[in-house]
Undergrad: 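Encoded as structure tokens, here's the structure I'll be asking about.
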Amino acid sequence: MANGRGHPESSRKRCRCYRLLLLGLVATLATATERLAYAPLWTKEKKKVVVLGGGFAGLAVVRHLRRNFEVTLVDAKKYFEFIPGMVRPYSNPDLHRKLVVDYASVCKKMKVSWIWGAAEKLQGNEVVVQLNSSDQHRVAYDYCVVATGCDFGSLWAVSPTSGTRPIDRRYLEGRQKEIEKEYDQLTELADRGAHVAVIGAGFVGVEFATELKHYFPYLQISLASRSECCCPTMPKSARSYIQKYLDKHNITTYYQVEYPNEDAAANTLWTRFGRPCPERVFKSMGMRPHCSFLPPECLTEKGWVKMTPTLQIANGSEADLGAIDGKVFAIGSCIDQVPGVDPLPKNSFPAEEMAAHVARNIRRSARGKKMKPFYWPLLAGVSATSLGPKDGVLLLQRNISSGGMVALRGRAVVWVKEIIRWTKVDECKLGILGTLFWHFVH
């Protein structure tokens with residue numbers, strides 16, 4: 001006998017129909033957004049674009065240009081690594097495999113070329129690439145995009161010189177061996193209740209110190225910095241929240257300390273603090289760009305790339321004119337300040353915004369149109385700092401020096417970071433969910 005809610009069999013059929021309709025809608029939306037994003041250029045022959053560096057910015061510009069141009073990606077290592085999430089694999093090595101993307105496989109999926117090597121110099125309209133076999137290879141280009149990034153302290157550095165070290169971190173296997181070795185050392189130190197030090201109390205140093213304390217609670221951890229407090233660019237309320245967390249979890253902090261490079265001077269420093277010399281020191285201070293292959297007149301004294309407002313590489317005092325015929329652009333963490341734009345945070349969101357802008361400017365240039373200047377991205381001032389796996393602080397800033405305001409704190413910040421992490425890695429793999437999630441952002 002039928003009831004008011006209808007026959008159960010018909011209800012199941014309707015549910016199945018709704019599911020099919022939903023799946024069809026998702027597939028149609030994915031196809032439509034892909035076509036809208038990569039509408040073909042009306043040219044007889046595709047122009048060549050060479051992208052140097054395959055981090056966030058490099059992969060993003062490849063994704064934007066892969067259907068319109070003949071794209072070649074060049075990188076000194078064989079894999080993409082989700083750097084913002086790299087503090088945790090040292091406490092959980094199995095996580096690292098979920099934070100990397102193999103360049104060869106993703107480039108094959110995108111139908112672009114990939115070269116494993118390091119850029120040596122730009123010569124004419126060619127990039128001279130030092131291959132990992134000791135040979136050199138020349139790659140011709142109509143446009144070149146420099147996205148070689150920078151090192152954030154010694155622990156997270158993976159650079160073209162890695163091949164000279166005992167563990168070759170240019171290979172994914174070498175990188176994973178290094179992380180597993182570090183984890184084994186930390187486990188052994190924790191069993192003895194040893195003292196370790198993290199030098200640099202910016203957001204990276206704070207995140208790493210709190211991760212270590214959570215996963216290795218018996219370690220004695222010191223956090224030292226030359227600044228007057230932790231995370232000095234954050235607003236006072238955020239700094240106070242972080243400092244309370246550090247104090248509560250027995251992470252000893254030392255501020256206004258210039259940490260020496262010499263072992264003897266470091267031993268004297270720790271004796272003055274009344275602490276034993278740390279058995280392991282992690283440095284998360286200072287940044288070093290990877291741009292030495294560019295002409296000296298295109299670099300600042302510290303090695304950052306000089307820029308024009310349209311994100312072309314500038315040449316000396318001619319700040320409004322692009323160097324190397326105006327066909328070479330720079331994006332991401334390797335650049336100096338863009339003229340007319342407040343200093344940008346050196347993280348993934350502004351890097352991908354620059355990538356999207358350069359892709360649009362390259363398309364405009366290929367059509368003979370005037371390129372547009374870059375601007376401060378709307379969400380560039382959003383940053384999330386985790387304090388172990390259960391706490392954190394999320395900030396909203398107008399610019400890098402404004403301090404901003406605390407928008408969120410507690411475990412919800414960790415959930416936000418997890419969503420960003422997994423969807424961004426999925427996008428870098430050309431996954432459907434990650435692509436849909438980030439398509440309307442950049």
Side-chain angles (χ1 to χ4, degrees), residues 19-41 46 49 51 53-71 73 80-85 98-103 105-112 114 143 145 147 311 329 331-333 344-345 347-364 366-367 371-372 374-384 394 396 415-442:
R19 291 194 194 103
L20 289 173
L21 285 172
L22 181 60
L23 288 173
L25 179 62
V26 170
T28 303
L29 181 61
T31 304
T33 53
E34 184 82 357
R35 289 176 178 174
L36 286 172
Y38 303 108
L41 288 172
K46 287 185 176 181
V49 177
V51 180
F56 288 104
L59 278 181
V61 80
V62 171
R63 289 195 299 270
H64 283 291
L65 296 177
R66 64 191 175 99
R67 295 187 184 276
N68 303 145
F69 297 85
E70 184 180 327
V71 181
L73 175 65
F80 163 86
E81 191 171 54
F82 187 82
I83 295 296
K98 300 177 182 179
L99 299 178
V100 294
V101 179
D102 178 68
Y103 283 138
S105 61
V106 75
C107 285
K108 183 179 179 180
K109 194 173 182 180
M110 290 192 290
K111 298 181 180 180
V112 302
W114 177 67
Y143 299 96
V145 181
L311 298 184
F329 300 78
I331 54 178
S333 300
L344 292 160
N347 58 39
S348 59
F349 189 90
E352 293 194 341
E353 281 291 307
M354 285 185 268
H357 192 87
V358 161
R360 289 191 290 268
N361 272 347
I362 288 176
R363 288 195 190 99
R364 294 182 69 84
R367 291 189 175 104
M371 290 184 283
K372 294 185 177 181
F374 188 60
Y375 50 86
W376 174 270
L378 179 62
L379 299 178
V382 178
S383 62
L394 188 142
L396 297 178
W415 296 339
V416 170
K417 292 196 70 171
E418 289 297 309
I419 292 171
I420 293 172
R421 179 185 302 170
W422 299 125
T423 55
K424 181 53 64 178
V425 173
D426 188 63
E427 183 195 31
C428 291
K429 294 178 179 178
L430 289 191
I432 293 177
L433 291 178
T435 301
L436 285 174
F437 188 90
W438 290 101
H439 174 75
F440 296 102
V441 178
H442 298 292

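Only this structure's heavy atoms are used, side chains among them; waters, hydrogens and symmetry mates stay out. The chain is numbered in sequence order, starting from 1.
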Undergrad: Can you measure from CZ (Arg421) to OG (Ser348) and round to the nearest 0.5 angstrom?
TA: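 That separation rounds to 12.0 Å.
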
Undergrad: Which residues pass the side chain to side chain donor-acceptor pair (under 3.5 Å) test with Glu353, not counting sequence neighbours?
TA: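 For Glu353, the residues satisfying side chain to side chain donor-acceptor pair (under 3.5 Å) (neighbours in sequence not counted) are His442.
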
Undergrad: Run Phe329 and Met354 through side chain to side chain contact (heavy atoms under 4.5 Å, CB included) and show every step you take.
TA: CA-CA 10 Å; Phe329 300 78; Met354 285 185 268; over 6 Å; no

Undergrad: Taking only residues two or more places apart in sequence, or in another chain, which ones meet Leu433 in a side chain to side chain contact (heavy atoms under 4.5 Å, CB included)?
TA: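 Per chain and number, Leu433 pairs via side chain to side chain contact (heavy atoms under 4.5 Å, CB included) with Asp426.
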
Undergrad: Under the rule for side chain to side chain contact (heavy atoms under 4.5 Å, CB included), what residues qualify as partners of Ala359, not counting sequence neighbours?
TA: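 Partners of Ala359 by the side chain to side chain contact (heavy atoms under 4.5 Å, CB included) criterion, ordered by chain and then number, come out as Val61, His64, Leu65, Arg363.
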
Undergrad: Begin from the C-alpha positions of Phe82 and Lys98 and carry the test side chain to side chain contact (heavy atoms under 4.5 Å, CB included) through to its verdict.
TA: CA-CA 9 Å; Phe82 187 82; Lys98 300 177 182 179; over 6 Å; no

Undergrad: Rounded to the nearest 0.5 Å, what separation is found between the NZ atom of Lys111 and the CZ atom of Arg67?
TA: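 With rounding to 0.5 Å, NZ (Lys111) is 7.5 Å from CZ (Arg67).
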
Undergrad: Check for a donor-acceptor pair, side chain of Tyr103 on one end and backbone N or O of Trp114 on the other, with a separation under 3.5 Å.
TA: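 Judged by distance alone, no pair lies under 3.5 Å.
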
Undergrad: Can you tell me how far apart CZ (Phe437) and CD1 (Ile420) are? Round to the nearest 0.5 Å.
TA: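 Phe437 CZ to Ile420 CD1: 7.0 Å, rounded to 0.5 Å.
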
Undergrad: Among all residues two or more places apart in sequence or in another chain, which pass the side chain to side chain donor-acceptor pair (under 3.5 Å) test with Thr423?
TA: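 Thr423: side chain to side chain donor-acceptor pair (under 3.5 Å) contacts with Trp438.
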
Undergrad: Rounded at 0.5 Å granularity, tell me how far CG in Leu396 sits from OG in Ser383.
TA: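 If we round to the nearest 0.5 Å, Leu396:CG and Ser383:OG are 8.5 Å apart.
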
Undergrad: If the condition is side chain to side chain donor-acceptor pair (under 3.5 Å), which residues does Lys417 pass it with, not counting sequence neighbours?
TA: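 With sequence neighbours excluded, Lys417 shows a side chain to side chain donor-acceptor pair (under 3.5 Å) to Glu207, given in chain and number order.
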
Undergrad: I'd like to check the ring-ring contact (aromatic ring centres under 6.0 Å, His included) partners of Tyr143; sequence neighbours left out, ordered by chain and number.
TA: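 Checked Tyr143 against ring-ring contact (aromatic ring centres under 6.0 Å, His included); zero matches.
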
Undergrad: What residues form a side chain to side chain contact (heavy atoms under 4.5 Å, CB included) with Val112, not counting sequence neighbours?
TA: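 For Val112, the residues satisfying side chain to side chain contact (heavy atoms under 4.5 Å, CB included) (neighbours in sequence not counted) are Val62, Arg66, Val71, Cys107, Met110.
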
Undergrad: List the steps, then state whether side chain to side chain contact (heavy atoms under 4.5 Å, CB included) holds for Lys46 with Asn68.
TA: CA-CA 7 Å; Lys46 287 185 176 181; Asn68 303 145; over 6 Å; no

Undergrad: In chain order, what residues pass the side chain to side chain contact (heavy atoms under 4.5 Å, CB included) check against Cys428, with sequence neighbours excluded?
TA: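 Partners of Cys428 under the side chain to side chain contact (heavy atoms under 4.5 Å, CB included) test: Leu59, Arg63, Phe80, Val101, Lys424.
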
Undergrad: If you measure from CZ on Phe56 to CD1 on Ile331, what distance do you get to the nearest 0.5 Å?
TA: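 Rounded to the nearest 0.5 Å, the CZ-CD1 separation comes out at 13.0 Å.
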
